[in-house]
Each structure stands twice: as C-alpha cells, then as structure tokens.
Amino acid sequence: MPEHLISIADLAEGQLESILALALQLESTPHAHRDALSGKSIGLYFEKSSTRTRVSFEVGMAQLGGQPIFLSNRDLQIGRGETIADTARVLSRYVDLLMLRTFEHRAVVEMAEHATVPVINGLTDELHPCQALADLMTVHQEFGELRGRKVAYIGDGNNVAHSLMIACARAGVDFSIASPPGYEVADKYLDLARGLGADTGAGIETGADPHAAVGGADAVYSDVWTSMGQEKEQEQRLADFDGYTVDDDLMSRAKGHAIYLHCLPCHRGEEVTASVVDGPRSRVFDQAENRMHTQKALMLRLLDRA
Ligand code: CP
Ligand code: NVA
C-alpha cells in the first residue's frame, strides 16, 4: 500500500481492486475486523462542511475498535496561523491516521509531506479519492467485474470528476465526460488518466455533448454545478450548465440497465431531476453507504491490519 492516499493514482495496479474486494467483504460481514484498530485513532480535519465523509469515517473507525477525533479549522491553532507543517508534526504524535478536507489541494499535500502517519484526502478543490472508491464499489455491486464497463459523467470537471476519471482509468473502466466549455477537467488530470488508461485499456473521452457521452454507458453520474467555495459563481454557473441536467430522456440514451450515481448532496432540478435521483435506476444511497465500507478497508490497509 502507498504511505498516503492523496489521489487514486497513489494506488498501484491491483491495490484499488484489493481495497474494493475488502470493502465488499466488510459489507457482507460488518463485524469482521471489529477489534483490528483497537487502540488506534484517526484525526478528521475539516475546513468545509460534511455529512457523509465525517460520519462514515467516525462510525467506520468505531466499528473497527478505534477512535475518531473530529477537528476543525475553527478550533485548531491552524486557524490562527500555526503552520501546516507544525500541525502535521504535532498531530502525528497523537493519532495514527489523519484525514483532511481542505480548500487548497496543496494543503493536503503539504500535510502529508510533514506527517509521520498516513494522510487521507477527504476532498480538496481538486480531488475526492474516497468518493471514487465508493463509486467503483457501487458499480461493482451492480455489475460485478469492472473492466470493460463504461461510466459517463455529465457536468462540472471538478474534484469528484477528476477522482472518478482517474479511478476508472486505473480500474479499466471506460470514462466519458460532457462539460460545458470552460468547465472541463484539468489537463494534468486528463493526461494522468489517459496514461493510466493506456495500461488498463480504459478509454477516456471528453466533450460537450451529454447525449454523446452517455451512449453505451453502464452508469451515469452527475455532481453539483457549484462546489463548496464557488458560491459567488452560482448564478453564472446555473446559466452555463443549462442543458446538462441528467433527466429521464438522457438516462434512456444510456444502456437499458444503466444506473444513476451522485456523490451527494444533490440539487434536484439542477444537475439531476427528482425523477432520476429518486427513481428505480438511482443507487445514490448505496453509494453513500459504500463510503463507510471502502474507508474501513482503506484504514485497515494503510495501517497494515488486513
Ligand atoms: N459525498 C461527500 O463527500 O459528502 P459530504 O460532503 O457530506 O462528506
Ligand atoms: N464537488 C462537490 C462535492 C461535495 C461532496 C464540492 O466540492 O462541493
């Protein structure tokens, strides 16, 4: 296993599949490994709001016999100017794992450079690798073998899109994204995904046409148009993303068995209609549950306890 999980690309070939296999096992036997992390603790640091990430890590760590500790920039001295490096060095003396949700991606990278315990990226402005683990687990639950499947993402080329694209590339899943002009995925992550896809056979396609993107897709995914920290752009984004709503018509252009995915929280009537997210193809609450199974697997692996 890598020392930290900052990006899905930190996982070597086979490690992603191995975490998913353990997560599937944990789902079917929730009490397995229940004392595996006894005496261990994880610091959970948040600069942004969270429902799923916070609760799934807290409960997941407790289920493994360990202790989660919620930390926020509103309370820590980091909010008053203590450096990231010193915070990393100090927290490493107390906890066995650190999870961070920050605005700047660089903050998580810097924390990992100075921490002496494994650091997990719990979402930055650029990446959301823990979400991508749960996303692929959900596709696996539905269809079994991941290789050769296709995921289509409609909307903003944001943190969730970047990690999903990289995860698909690593797992041999074709990935197609349709974004309005100006909201495409970052070139550095596209190049990274295409490099990984060259090894696994995953095709990575970008474009602006949602109809083209969902053709042949096994799963259709959308995320909010305005991410945390972008609230001032909301009005402009609502206009720019017009035509990028996942609705029943768009779903009908994917494969007949296609499922709908969303990391949540969602805005019904914007990136997805209520009829899709609350409809029979939606797997969004399984996906939310899978955050806990995959993160339990990740913590066990990072601490070499499974
Ligand atoms: N999907 C996700 O990360 O949700 P939270 O923001 O509630 O943690
Ligand atoms: N892209 C969203 C994901 C929230 C889980 C955001 O960053 O706000």
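Just so you know, ligand 1 is whichever comes first in the structure, and atom 1 is the first atom listed for that ligand. Numbers here simply count residues along the sequence, with the first being 1.
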Please determine if Arg147 and Glu13 form a salt bridge, counting it only when a charged side-chain N lies under 4.0 Å from a carboxylate O. yes
Separation between CG (Asp223) and CG (Leu164), nearest 0.5 Å, reads 10.0 Å
For His128, the ligand 1 atoms with a heavy-atom partner under 4.0 Å come out as 2 (C), 3 (O)
Value for CD1 (Ile78) from CG (Asp86), rounded to nearest 0.5 Å, stands at 9.5 Å
Close residues (non-hydrogen atom under 4.0 angstrom from ligand 2) work out to Leu123, Asn158, Asn159, Val160, Asp223, Val224, Ser227, Met228, Leu264
Among non-hydrogen protein atoms, atom 4 (O) of ligand 1 lies closest to Arg52 NE, 2.8 Å
When rounded to the nearest 0.5 Å, the distance separating NZ of Lys48 from CG of Leu100 is 12.5 Å
A student checking ligand 1 against Leu264 at a 4.0 Å heavy-atom cut-off should list atoms 1 (N), 2 (C), 4 (O)
Per-atom filter on ligand 1: closer than 4.0 angstrom to a heavy atom of Arg291 are 1 (N), 2 (C), 3 (O)
The reported gap from CG in Leu261 to CG in Asp135 (rounded to nearest 0.5 angstrom) is 6.5 Å
Distance col, row Arg101:CZ vs Met228:CE, nearest 0.5 angstrom, shows 4.5 Å
If we only consider heavy atoms of Arg101, is any one of them less than 4.0 Å away from an atom in ligand 1? yes
### Message
So Leu37 and Met61, do their side chains get closer than 4.5 Å, heavy atoms only?
### Response
yes
Atom 7 (O) of ligand 1 sits nearest the protein heavy atom Thr51 N, 2.6 Å
Quick look: Gln131 vs ligand 1, heavy-atom contacts under 4.0 Å, and the answer is side chain
Polar-atom distance check: Cys263 versus ligand 1, any N or O pair below 3.5 Å?
yes
**Prompt:** For the rings on Phe70 and Tyr45, is their centre-to-centre separation under 6.0 Å?
**Reply:** no
Hey, are Tyr244 and Glu270 close enough side-chain-wise for a donor-acceptor pair under 3.5 Å?
no
inquiry  = Checking Gln67 against Lys40 for the side chain to side chain donor-acceptor pair (under 3.5 Å) test, could you report, in this order, the C-alpha distance in whole Å, the side-chain angles of both residues, the deciding distance, and whether it holds?
reply    = CA-CA 6 Å; Gln67 188 188 4; Lys40 302 284 182 192; over 6 Å; no
